[in-house]
**Student:** 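My questions will all concern the structure given below.
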Protein chains: 2
Amino acid sequence: MLSTTERTRLGRAKHKAGTDRQELYDLLDTGMVCHLGVVVRGAPMVVPTCYGRVGDTLYVHGSTGARSLRAPGEVCVTVTHLDGIVLARSVFHHSVNHRSAMIYGTPREVTDEAEHLAALRAVTEQLAPGQWGAVRPPTAKELAATRVLALSLEEASVKVRTGPPADDEEDYALPTWAGVLPVRQVFGAPEPDPVLAEGIGVPAHIAGRSS
Amino acid sequence: MLSTTERTRLGRAKHKAGTDRQELYDLLDTGMVCHLGVVVRGAPMVVPTCYGRVGDTLYVHGSTGARSLRAPGEVCVTVTHLDGIVLARSVFHHSVNHRSAMIYGTPREVTDEAEHLAALRAVTEQLAPGQWGAVRPPTAKELAATRVLALSLEEASVKVRTGPPADDEEDYALPTWAGVLPVRQVFGAPEPDPVLAEGIGVPAHIAGRSS
């Protein structure tokens, strides 16, 4: 089981609840942006930011939405992959194929230097695999300016919807097209910095991601 | 100005804050999934769900994550477009080009029948333009089973990052490739429901979205 707290058991039976830890890892490892939910003066705040995973710890980057990361208390981090638009024979059964993970917990700020570096490496490589070893590493000053939160993956849920629409029995006779329009995220051709010095080619670890 | 409350003024100067209402509309109108943040027993919960816009009202669909939509109190709805990975000459200046909107407020549940239909139409058309008129409309029973929340766009902020990396002056001399790897969402070829009756072709409003 992934987690057995009340809020990580899915309230609705319609979507399949993932209970496999590997499914959680795969979902997290193929994402690029998470949505970090915090409570600020009693009200929710949802901030998109970058993250990385090391084992059963999720590291959330603090350089964006910094206000929300100052001693945030309990958080909810959600990572969503949109896989397709489910086009049913009725408005009511329209849906989206997706995989999403929700992780709950009270994160700690990373202060240990070795963990801080490992966390930043994970966050950087999540977004841009191969870049950590290819570019200038962080200085002590830059490290100090980068807040990273560590959140345990202990309390997590995974929700998945796949496959064709589930129409009402009587609607299958309608002369209406039904199916799934797949959605995916792709990379375009790398766009060099306009001031890039001549003769510096695009490294394979970057060029190889474009479709 | 979009909004002038404290939490919609961006705390960090690094990213451009959008102040144009049209920019907010464009951002919302081209998204497919939002992240809805609510507070449940003092803790944040971030649920991915579908939405639609009519004028200055955002309608958020309640069929997923229904627990979070029962009298949610104050919410934060965030819509994020990931446009590119910013590959800098240093780890520290790596970033993402993106556009995101955050909308705050206390939503009301839609109970008026005409508004309920208009809201469901907006949510459906946001996800699948052209489907509202092409498939079986909702029955009274289905309408009753579909919760829609209405949230004013009054208190909103837009955050945008575009363009090449902003490296440190001394790093521009490094022999390191730098630039942007564009990211975009594309539609694949429509996948017919395996039980679709023969002879029903893919309508143009669906086929036309595939790249």
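Every chain is numbered from 1, with letters handed out A, B, ... down the list of sequences.
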**Student:** What part of A:Ile85 gets closer than 4.5 Å to chain B, counting heavy atoms only: side chain, backbone, both or neither?
**Tutor:** side chain

**Student:** Is it the backbone or the side chain of A:Ala197 that comes under 4.5 Å from a heavy atom of chain B, or both, or neither?
**Tutor:** neither

**Student:** Compare every heavy atom of B:Trp177 with every heavy atom of A:Pro203, then report the nearest pair and how far apart it is.
**Tutor:** CD-CB, 3.5 Å

**Student:** Side chain, backbone, both or neither: which part of A:Pro164 has a non-hydrogen atom closer than 4.5 Å to chain B?
**Tutor:** side chain

**Student:** Within the 3.5 Å criterion, strictly below it, is a donor on B:His35 or A:Thr78 matched to an acceptor on the partner's side chain?
**Tutor:** no

**Student:** What part of A:Ala173 lies closer than 4.5 angstrom to a heavy atom of chain B: side chain, backbone, both or neither?
**Tutor:** neither

**Student:** Does the distance from a Lys or Arg side-chain N to an Asp or Glu carboxylate O, for B:Arg136 and A:Asp167, drop under 4.0 Å?
**Tutor:** no

**Student:** Hey, what do you get for CE (B:Met32) to CG (A:Leu82), rounding to the nearest 0.5 Å?
**Tutor:** 5.0 Å

**Student:** With a 4.5 Å limit on heavy-atom distance, are the side chains of A:Tyr172 and B:Asp193 in contact?
**Tutor:** yes

**Student:** So what's closer than 4.5 Å to chain B heavy atoms on A:Val195: side chain, backbone, both or neither?
**Tutor:** both

**Student:** Measuring heavy-atom distances to chain B, does A:Arg209 have an atom under 4.5 Å in its side chain, in its backbone, in both, or in neither?
**Tutor:** side chain

**Student:** Between A:Ala189 and chain B, with a heavy-atom cut-off of 4.5 Å, which part of the residue counts as in contact: side chain, backbone, both or neither?
**Tutor:** backbone

**Student:** Nearest 0.5 Å, what's the CD-NE2 distance between B:Glu142 and A:His93?
**Tutor:** 6.0 Å

**Student:** Would B:Val91 and A:Gln131 count as a side chain to side chain contact (heavy atoms under 4.5 Å, CB included) if you check the C-alpha gap in whole Å, the side-chain angles of each, and the deciding distance to 0.1 Å?
**Tutor:** CA-CA 8 Å; B:Val91 163; A:Gln131 282 292 88; over 6 Å; no

**Student:** What part of A:Thr176 gets closer than 4.5 Å to chain B, counting heavy atoms only: side chain, backbone, both or neither?
**Tutor:** both

**Student:** Measuring heavy-atom distances to chain B, does A:Val33 have an atom under 4.5 Å in its side chain, in its backbone, in both, or in neither?
**Tutor:** side chain

